[in-house]
Structures are given as structure tokens and as C-alpha cells.
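Worksheet: one structure, shown below.
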Amino acid sequence: MKEIAKAYDPKLVEPRWYKRWEDSGAFRGERREGCAAFSIVIPPPNVTGVLTMGHVLNNTIQDILARRARLQGKRVLWLPGTDHASIATHSVIERELRKEGVTRWDLGREQFIRRAWDWSDHHGGIILRQLRGLGCSCDWERTVFTMNEAYARAVSTAFVKLYERGYIYRGKYMVNWCPATLTALSNEEVIMKPQHSLLFKMRYEIVELPGQFMEISTTRPETLMGDTAVAVHPHDVRYRSVVGKHVWRPFPRAQIPIIADEAVDREFATGVLKVTPAHDALDFEIGQRHGLPALEVINPDATMNELAGKDFVGLDRDEARKLATRKLDELGLLVGQEPYQNNVGYSERADVPIESRISEQWWMRYPKVEEAKRAVRDGLIRFWPQRWAKNYLHWLDNIQDWCISRQLWWGHRIPIWYRKGCDRALSQNWHVSVDGPKDPENWEQDEDVLDTWASSWLWPFATMGWPSPNEKEARDLAYFYPTTDLVTGPDIIFFWVARMIMAGLEFMGEAKELLSDDELADRIPFRNVYFTGMIRDVQGRKMSKSLGNSPDPLDLIDKFGADGLRFGIMSVAPKGQDILFSEERMQGGRNICNKLWNACRFRQLSGALHDNTSLARMTARIQMSWFDEYDHWIIWRLVETVKQVESAFEKYEFNQLTQALYGFFWSDFCDWYLEVSKVKLEHPETSAHCLAIQDLVLRQVLLMLHPIAPHITEELFHRLGFVDEESLLQDCGVESPDQLLDLLSGAGIEIDQPAAEQVECLKEFVSRARALKSQYNLSNRRDVTLFFTADEENTVFIESHTVVIKRLVGASALEVRADVSDAPGAVTAIATVYLDLASTLDLEVERERLGKELFRIKRAVAAAKGRLGNEEFLKKAPAKIVAGARQQLLASEAKKDEIERLLAGLGG
RNA sequence: GGACGGCUAGCUCAGCUGGUUAGAGCACUCGGUUUACACCCGAGAGGUCGACGGUUCGAGUCCGUCGCCGUCCACCA
């Protein structure tokens, strides 16, 4: 028997076990036909990312699910990998180049991509190593990177299939344009930010009515050079007479028509809108309806071009705004300007305002939209918490085509080739395939790459060998797909979750428009989606680098251990709510590890370990005839806890899980059962039995706790001999509540419920006695004398527990009395307990204390009487409730009488 | 503007389909060298459940209105 150190040191335990698990192939996702499968694909972190608290939360949950599934005997695949993060990585490389004073065009595409690969190779994998430090049980041998060759083929294949099925088209439309990275963005990559802007009021002179003006409000005077109309609402009586006439655009000076369009808001400002079809989405639509020319005056990099006029050429949009305002003022056309708050779209990655711009791009009409809705609405895919389903459905209801081409270099290049020297606009000059044309010298490939999400939406099956799996991959795919759970944040429900569902439905089977329910069930990428909350700081602020409020998870692991951090973060995460993180809260996780360690240490010091390698061997050492109330009680509490844990897992309620285990282990097992054990261990005849029960409880606690705190539980499992040296805890399997009850009753152990409940009475008795000691400042004395008064039955019961009570209270004597006076007493359900103070009793203090008690109990009596005196209550409330109320009234009245008797005895 | 979530002890949260005197952890106060653990043990103080109204024998729990905080979607220039 190895002696256990006094304080638990995770550093001596965690790395050792992680290595052993990995070396022994414990994380390998291996098929076993006839055995239930469980699978998760990791939300791939950015290849160059580092571990954040968000990752800790997310991956801890996945690991908990995976490890629990292993314990349930399922074959588990947790498939890891990383994402190339096209625009994010691209931006990083460009930033580096800028420092060196060169652009990507100076460097050239090939060199640029090489640098991106170097960057990925160098930083890539850091985060995966960090996940190992957290204890994540991924099948690392299957690690996938979205830029790997096989994955890239999957991306091209998906594109080609969608093209062939008519979902992909090329077109010139309004796009969200990022002037910093010079690429189009999808709607989802644009975030709206409130801005303190200025609303400028200016006037345009009416051509046909010289000297008359129309007043227009705008936040963007720098676009007026691109105005090709002004618009009013068709029913706006103020302007009815001028519709069809023209106004003078001040510069470059030109006549532009006054048109009427329903899109104009009459209530806003003067109800006159300047229409700039080339630089505003709404204006673009108005322009389309009225056949207006779209005059582009802003370059892709947000500087002004020649069409803006010679004063403006080359100016940045902000400078142009100032100049335009000044010029308007000089011309006497600026009526005023006022502070104004509006929302401006920003590029998510580059964090600069986007420009709306007409641009030729590749677009995707989403496939299987209706089926994707059906899968969630009908519950084939379940969202946890459920409420996110509404969000999801709402987005799909309003879905718009997806701009999938990006004018970037790092990413999957679009598998389209154009015949050299021919018109790219004509599809007969296109070649669309995965492998490219047979005569590449006559073709040039599209320069653009695909949106990152157009690769990660294939993640659940492209990681498993789709579209051309080898034999093993095909069997794995059949076995592990659809995956069981997906764990992610609600912020990427549209970016990723919804798109993966559509991709799964479209690609995981034959091309088909409508799917039956069975087909739907086969094709969905996952059955459950668990949405985590966002990690915030104690003040509720988002974690951010600039605020410096994001702790480094590695520091936390260093301080609390991976297990401590995991337990801490899970106990603090309310279901579906954001998580307010503070380091203080992680202490609880570390503490319970230490407590666990010491409880096992106590077990080792208490007596030699017997053969603990199976539950049956342990129950064989337990005899029903030796069972006392405490044994019934702890086994009862254990079974209740197993039930709670089971239910918490089924409902993905992780804080419920930690709470149930913490409460049972700490309060019930350590604070009561182990304390009681100390008496039993003194006697050889009860010792072995008691230790066997301790072993049983510890074993089940370790098994239940293992998914949350894998390292320490593995260590202790071995130390207490619950598994042989060569095996692992995960090989044992955890019993369900029914299995546990069956095993117990198979060993002749039946829980005596009334006996178990009597322990609650003993606990109350002990607590009350301790409180009396505390009130009289005698906590440190272990030689006080206790008296009690009780009826005959309870007297016998209490006397049979005298030794334990004396031990737990810290008393040298416990004596039954017919009547007690001149001693402070406390009323409990089974007896009244008194502290023998001889002559030192403080009557005043006692009267006050009992008076308070009496007040409280009288309130309870009154409440119960009130209810029972109400005929409506007696008539309408269920019999069970009425009976309960009667019983409560009896108990309360008895207690009240007893307190009154005590008070009378004090002369009160 | 629309949708959703939250508002329960100083803090963070439980409280299932309405039913005994509303719970836990942390923090706090007091007392502790009890043969596992001070990353500990014991005792205690502390909420009337955001506001108002309604349904009901009975509401933290259901309904309505309002307020504050947060998230998402849309966006009026």
C-alpha cells in the first residue's frame, strides 16, 4: 500500500495519466459492430489560435460527454482538427507583410500561400497540445486540418456538385465589401455597430423650378457624386407636383430625376432620399426598379475615383466626406448638420466599416432549406436549450443567397477555370471540376477562394472520408455518422450549425430534392446540439484582449489543476446562460479534488484494502445483518445521487451534475458517513463491513465524477484497487440507477427507507446539540453532558446511538431524563435535547432564544391551521396535500407545546 | 422596430408539471491543534422571490401590463 500525500498535487498526477491514456489508445474511436456508437466532431479552432476560456468550457463539455459515453460502454469517437480560418489568417499574414513594407502582390500568390502554410505549421497544433493539457480525450490519430489535401477535395467536390445541381451562380450584385482586406463578405461576417455620426442637411435646386430647393438628409455626403436620382414616397403630398422633374446634383453638376418609390420613409427628415445605386443596398434596389445608372465613385480600397471629380480623386472616404461638406457649404447648399446616432456595418475580421459595392461574385442558393427546418422542427435534431431552435428557424425563413467567393489567397481556390482569352461572363467558357481541365495550358483558374464556412460546413462528414472514403472510412462513416452531439456557441448558429445541417442533408446520400423522414434521419449531421453560454468576466463584460480580463487557461490549470478547472467551470455554468467567470470560483473545483484525495487517504489509513476489483466482490463483504441506519441512509443517498446524475446527463444540465456530486460526496459522505465511521472503525466487528460500504460509495463516486475530473479519479481508482494495474477506469463502466439497485439486491442488500430517514432525525439532534454548545461558547469542550427527554420509542432509538451522538457532538455523557429544568434545551422531531450547564444557565439568553423559536413555530402552526380551516381548501385540494397539512400541523403543535413547556420551566 | 433570455440572500445561481417554515456554493460573523483534509471542521446571521394587477382554496412557480439588464435579427438615408 502506497501512502497517500496529505495534499493533492495535480502536477504529479495529471500528465502521467494523460500519457498513459494516449499511449494505450484509450481515445481511439474504434468500431465494434453491435455496440452503441457515440461521436462528436470538435468545432475546429483556428489553426493559429491559442486556448481561451471559451475553448475550455466548450471542450470540457465535449470531453465530459465522450468520457461518460465510454463509461456507458459505447464506442466513442471524438474527432479533432483545426480550421484554416481563411480571412483571419490572411489578415495576419498581410499585417506581417505590411511591417516588412511589402504587399501581397509584391510577394505573389505562391509565396504568400507558402508563408501562410509556414505560419500554420508553426502555430498550428499549439491549441491542440493545450487541449491535451486540459485532459481532452480526442482521437488524435484522426486530427484533420481543413487545408489538407483530402479535405480540400471534399470542398471542391461539394462545390462542383452544387454547381451541377444548379445551386451556384455567378452574378454582379450588391455585396458587403471590406476595404481593408479587399474582399467581399457574407452578411454574417458584417457586424452592426452604433456610431456617433453627423446627419447633414443639404438642398438640391429643382431644375424646372429655379430658386426652389429640395432638402435632403444624409450621413454620407461623400457619395453624392454617385447620386443618380432623388426619391420621395409616391403618396407624399408635399412632393407630388415635383415627381418627374429634376434636381441639380451640385458636383459634378448634373441633372438627376426626382422619382417616387415606396421604399422611402416619409417620416424620416424631409422625406427626400438621395439615391446612390452603386454604394448603398437600398439605393441599389431602387435603382434597379427605376432603371437608374449606377455610378461608382468609390474604389475598392475606399478612396475616391475620377468619377467623383478631380478634387476628390484619391481621397479617403473620411476626407472626402469633409471636403464634400465644405464644398456644399461654399455653394450655400449645406443647410445644417447635427449629431446623429446610426448603425454602421463593420467587417468582422478587419474591424473597419464595410462598403456596399456592386461586384461580380459567386453565389450559392442554399440547398435543403425546408428539410433543414423540418429536421429541427420535428425534433430529429434537438437543440439544448430548445429556445435556440426558434432563432434558427427564423434565420432559415429569411435566408438570402450566400456570397461564397472571397478575393483572398489563403483558402480553397474555387474549382472553376475560364478558357483563356474568352469572355468569362459566358458559362460556355467555364470548366467546373474537382481535378481541373485536361488541357490546363488553355485555361486559367478563378483567382478567388471560398468563404471559410463553405469548407467548415462539411466538417461532420468531410473529416470522416467523404466523398471518397476508403473501405475502413466507409464503415466508420456508416457507424459514427450521424454524430451524436455537437457542442458549440450560439454565436455561430447561422455561420456553422445551420449550414452543416443543410450540407449534411444535401450531400450524405443521393442527389434528391425531397427527403423522407428516414432519409432525413440518416443524413442529419448530428442529433443533439448543445449551445454553451458565453464566458464573461464578473462584471458581465465579454472577455477581450484589450480589457485584459481574459485569464490564460494554462495559468489556471497550473493553479487549480486541469480537473479543478474543469469542475470549477462546469459548476459555474448555468444552463443556457452566459457564464460570469472569476478565478475565485475555480477554487471550489480544486477543493473538491483535494477533499476527494483526502477521503481516499482516510480510507487507506483506516484499514487494509481487500479485493475491490468488482462491485460483486465488494458487496460480498457487506451483510444485510450488519446494516444500521447510517448504512441504509448512505446507500439510499448514493442511489438518489446516481439518479440525479443520470438525469443531469440526459438533460445536459452540467451544473446540476456538479452540484449533485459535490453535495453528496462532501455533505453526506464526508461530513456524516465518514464521521460516523470513525466510531465503527474502532470495533473490529463493524470495521470491515463499514470499510466495504465506504469502498462501494467511493467507487461509484469516482465513476460518476470521472467524466468531469478524469485524472484524479483515475489515480484514486487505481490506488483503491478498483481496477487492475493494466486496465483503466473507463473499462469498468458505470452503473445506471437500475443496474446499481439490481446489483445491490442481487447481493441481498435492500434499502430500508424508514431507517434511512431516521438518520435525518439523528442529524437534527446532533446539530441542535452542537448549536447549544456553540451558543454557550463550549464548542471547544468535548466533555459536556447532554440530557434528553423523549417518548419511549425514541428513547430506545437515541440510546442505541449514544456512542455516535456523543462522538459527533463532542459530549462525554448523554442521559435520558424524565424532566429537565435549569438547562438550555432545543426541540427536535424525536426528542428535546438539553445542555447540562449546572448553575451557569443564563435565563435571559435562553428566554430570548426560545422566544424566537416559538415565534417561528407559531407562525407555522397558524399557517397550517389557516389552510385546514378553509373549507375550500379541504374541498378542492388533493387528499395527499390535505393529509400532509394535517400531519404538519400535528408536528408543529407538538413542537410548539414543547417549547412552551421549556419556557415555562425557565419561569418565562 | 421584431424575437428571445434574465431580474430569488452581499455575489453567482437552484427551485421540475402551482401545494409543508424558499435552497446551495462563495463571501460574511462566531468558535475550533476532535487520530483524512485549514484547499479543513462546527455553529450562525442574511432573501418575501424586479413593480403592479389578475386567475386560484393556495403563486417565486400560471396570465396580463410595465420597468431595468443582456443577446440575436432587421435597419430610415
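First the proteins, then the strands, lettered A, B, ... as listed; each starts at 1.
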Practice item. Pick the P atom in G64(B) and in U48(B), then give their distance to the nearest Å. Key: 27 Å
Review point. For Tyr340(A) and C76(B), is the shortest distance between a side-chain N/O and OP1 or OP2 below 4.0 Å?
Key: no
**Study point:** base_contact_polar (U35(B) base, Arg807(A) side chain, donor-acceptor, <3.5 Å)
**Key:** yes
**Study point:** Strand partner of G50(B), provided both Watson-Crick or wobble distances fall under 3.5 Å
**Key:** C66(B)
Exercise for review: Provide the distance between the two C1' atoms, one in A45(B) and one in G50(B), to the nearest whole Å.
Suggested key: 25 Å
Check your understanding: How is Arg770(A) classified with respect to the nucleic acid when contacts are heavy atoms under 4.0 Å: base, sugar-phosphate, or nothing?
Key -> sugar-phosphate
Check your understanding: Taking atom C1' in both G67(B) and G10(B), what distance in whole Å separates the two?
Key -> 23 Å
Review point. Does the base of A36(B) carry an N or O that pairs as donor and acceptor with the side chain of Glu675(A) under 3.5 Å?
Key: yes
Revision key, fill the gap. Partner of U56(B) under the Watson-Crick or G-U wobble criteria, both distances under 3.5 Å, comes out as none
Review point. What does Asp671(A) touch in the nucleic acid at a heavy-atom separation under 4.0 angstrom: a base, only the sugar-phosphate, or nothing?
Key: sugar-phosphate
Check your understanding: Which one, U35(B), C76(B), A36(B), comes nearest to the side chain of Asp265(A)?
Key -> C76(B)
**Study point:** Pair Gln341(A)-Ser197(A), side-chain donor/acceptor within less than 3.5 Å
**Key:** no
Review point. Salt bridge or not for Glu715(A) and Arg719(A), using N-O below 4.0 Å?
Key: yes
Revision key, fill the gap. Expected list for residues 760-768 of chain A near RNA chain B, using heavy atoms below 4.0 Å, is Ser767(A)
**Study point:** Separation of the P atoms in C62(B) and A14(B), to the nearest angstrom
**Key:** 15 Å
Exercise for review: Return yes if the base of C37(B) and the side-chain atoms of Lys595(A) contain a donor-acceptor N/O pair under 3.5 Å, otherwise no.
Suggested key: yes
Practice item. Please determine, by modelled atom types, if Thr276(A) and Asp227(A) share a side-chain donor-acceptor pair under 3.5 angstrom. Key: yes
Exercise for review: Choose from G32(B), G44(B), A36(B) the nucleotide whose nearest atom is closest to any side-chain atom of Ala771(A).
Suggested key: G44(B)
Check your understanding: Under 4.0 angstrom, heavy atoms only, what part of the nucleic acid is Asp491(A) near: base, sugar-phosphate, or nothing?
Key -> nothing
**Study point:** Any side-chain donor near an acceptor of the partner, Tyr8(A) and Asn598(A), under 3.5 Å
**Key:** no
Exercise for review: Mind checking Asn343(A) for me? I need base, sugar-phosphate or nothing, with any heavy atom below 4.0 Å counting as a touch.
Suggested key: base
Check your understanding: Do Arg317(A) and Arg220(A) come close enough that some side-chain heavy atom pair is under 4.5 Å?
Key -> yes
Check your understanding: Can you check whether Asn342(A) has a side-chain N or O nearer than 4.0 Å to OP1 or OP2 of C75(B)?
Key -> no
Practice item. Would you kindly give the CG-to-P distance between Asn398(A) and A3(B), to the nearest whole Å? Key: 14 Å
Practice item. Please state how far atom CZ in Phe494(A) lies from atom C1' in A3(B), giving the value in whole angstrom units. Key: 11 Å
Review point. What does Phe200(A) touch in the nucleic acid at a heavy-atom separation under 4.0 angstrom: a base, only the sugar-phosphate, or nothing?
Key: nothing
Check your understanding: Between G44(B), G5(B), A36(B), which nucleotide has the shortest distance from any of its atoms to the side chain of Gln577(A)?
Key -> G5(B)
Exercise for review: Decide whether Ser186(A) and Glu189(A) meet the rule of one side-chain donor and one side-chain acceptor closer than 3.5 Å.
Suggested key: yes
Might you list the N or O atoms of the protein lying below 3.5 Å from N or O atoms in nucleotides 17-24 of chain B, with each pair's distance?
{"unit_1": "U20(B)", "atom_1": "O2'", "unit_2": "Gln888(A)", "atom_2": "OE1", "d": "2.3"}
{"unit_1": "U20(B)", "atom_1": "O2'", "unit_2": "Gln888(A)", "atom_2": "NE2", "d": "2.8"}
{"unit_1": "U20(B)", "atom_1": "O2", "unit_2": "Gln888(A)", "atom_2": "OE1", "d": "3.4"}

Point to revise | Rounded distance in Å - CG (Leu716(A)) to C1' (C37(B)) | key: 13 Å
Exercise for review: Can you tell me, in whole Å, how much space there is between the P of G60(B) and that of U55(B)?
Suggested key: 16 Å
Practice item. State whether Glu262(A) and Arg289(A) are salt-bridged, where the test is any N-O pair (Lys NZ or Arg NE/NH1/NH2 against Asp/Glu carboxylate O) under 4.0 Å. Key: no
Check your understanding: Considering only the P atoms, how many Å lie between C26(B) and C40(B), rounded to the nearest integer?
Key -> 8 Å
Exercise for review: Could you check whether Lys678(A) gets within reach of a base, just the sugar-phosphate, or nothing at all, counting any heavy atom under 4.0 Å?
Suggested key: base
Check your understanding: So do Asn342(A) and His196(A) actually touch side chain to side chain, heavy atoms under 4.5 Å?
Key -> no
Review point. Once you round it to whole Å, what is the distance between C1' of G25(B) and CG of Leu661(A)?
Key: 15 Å
Review point. For C37(B), does either OP1 or OP2 sit under 4.0 Å from a side-chain N or O belonging to Lys6(A)?
Key: yes
Revision key, fill the gap. Of Lys858(A), Arg768(A), Arg859(A), the one forming a salt bridge (Lys or Arg N to Asp or Glu O under 4.0 Å) with Glu853(A) is Arg768(A)
Point to revise | Euclidean distance for P, G2(B) against C11(B) (whole angstrom) | key: 32 Å
Exercise for review: Report which part of the nucleic acid Met534(A) touches: base, sugar-phosphate, or nothing (heavy-atom distance under 4.0 Å, all strands).
Suggested key: nothing
Point to revise | Pair assignment for A9(B), Watson-Crick or G-U wobble, requiring both distances under 3.5 Å | key: none
Study note, to complete from the structure: Picking from A36(B), C40(B), A14(B), the nucleotide nearest the side-chain atoms of Ala599(A) would be A36(B)
Study note, to complete from the structure: If pairing means Watson-Crick or G-U wobble with both distances under 3.5 Å, then the partner of G42(B) is C30(B)
Check your understanding: More 5' along RNA chain B: Val272(A) or Cys670(A), using each one's nearest nucleotide?
Key -> Cys670(A)
Check your understanding: Is a side-chain donor-acceptor pair under 3.5 Å present for Thr218(A) with Lys201(A)?
Key -> no
Study note, to complete from the structure: Side-chain contact check for Arg536(A): nearest option of U34(B), G70(B), G42(B) is G70(B)
**Study point:** Distance, C1' atom - from A22(B) to C13(B), rounded to whole angstrom
**Key:** 14 Å
Exercise for review: Take Asp578(A) and Glu682(A), find for each the nucleotide of RNA chain B with the closest heavy atom, and name the residue whose nucleotide sits nearer the 5' end.
Suggested key: Asp578(A)
Check your understanding: Is Arg387(A) touching bases, backbone alone, or none of the nucleic acid, heavy atoms closer than 4.0 Å?
Key -> sugar-phosphate
Review point. What closest approach, in Å, do Cys593(A) and Gly564(A) show between heavy atoms, and which atom pair accounts for it?
Key: SG-N, 4.0 Å
Check your understanding: Just by distance, with hydrogens left out, do His290(A) and Asp261(A) show a side-chain donor and acceptor under 3.5 Å apart?
Key -> yes
Exercise for review: Using Watson-Crick or G-U wobble geometry with both distances below 3.5 Å, tell me the partner of A14(B), or none.
Suggested key: none
Check your understanding: Do we see a donor-acceptor contact under 3.5 Å between the side chains of Ser356(A) and Asp280(A)?
Key -> no
Revision key, fill the gap. Testing U34(B), A77(B), C39(B) for proximity to the side chain of Phe268(A), the answer is A77(B)
Review point. From the list C39(B), C76(B), C13(B), which nucleotide is the closest neighbour of the side chain of Leu580(A)?
Key: C13(B)
Review point. Taking only N and O in the side chain of Trp395(A), is any of them less than 4.0 Å away from OP1 or OP2 of G2(B)?
Key: no
Check your understanding: With both distances under 3.5 Å as the test, what is the Watson-Crick or G-U wobble partner of U71(B)?
Key -> A3(B)
